[in-house]
Amino acid sequence: MFIIIGILVVAFACVLTAKLISYKYWTCIYTAFGHDNYFKVIAKLESEGIHFKTKTPMNLGSEHIQNRHETAQYDVFVKKEHAQIAQRALHKN
């Protein structure tokens with residue numbers, strides 16, 4: 001039993017380390033709240049051909065599960081060298 005738990009802990013640590021390393025060269029350019037806002041932001045990035053990643057922190061504060069789509073948080077990341085281009089894309093009309 002302890003061997004299985006040890007293996008799971010090591011696997012979790014490896015996954016967490018890989019995620020931290022993968023975000024080393026990325027920067028958060030926008031935090032969107034709600035699905036609608038999120039989809040507007042990523043549509044602008046996609047229209048400019050900008051590759052992005054999304055991180056969704058746990059939203060423990062939402063008491064109403066049916067309204068979670070309105071309050072969900074999405075952190076949008078782009079590669080650091082594309083941050084200015086991405087910001088310009090987000091501010092286009």
Taking all non-hydrogen atoms of both residues, which atom of [X] and which atom of [Y] are closest, and how far apart?
{"X": "Ala83", "Y": "Thr27", "result": "CB-CG2, 3.8 Å"}
{"X": "Ile50", "Y": "Ala86", "result": "CD1-CA, 3.6 Å"}
{"X": "Lys79", "Y": "Trp26", "result": "N-CE3, 3.4 Å"}
{"X": "Phe33", "Y": "Asn37", "result": "O-CB, 3.5 Å"}

Please determine whether a side-chain nitrogen of the Lys or Arg among Glu48 and Arg88 lies less than 4.0 Å from a carboxylate oxygen of the Asp or Glu.
no
At what distance, to the nearest 0.5 angstrom, does CG of Leu90 lie from CD1 of Ile85?
12.0 Å
For Glu46, which residues count as a side chain to side chain donor-acceptor pair (under 3.5 Å) partner, sequence neighbours excluded?
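Residues passing side chain to side chain donor-acceptor pair (under 3.5 Å) with Glu46: none at all.
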Please state whether the rings of His35 and Tyr74 are parallel, tilted or perpendicular, taking 30° and 60° as the class boundaries.
tilted
Could you tell me whether the side chain of Gln87 and the main chain of Ile29 form a donor-acceptor pair under 3.5 Å?
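Checked: pair present.
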Any heavy-atom pair between the side chains of Thr54 and Tyr38 that's under 4.5 Å?
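The answer is yes; the side chains approach within 4.5 Å.
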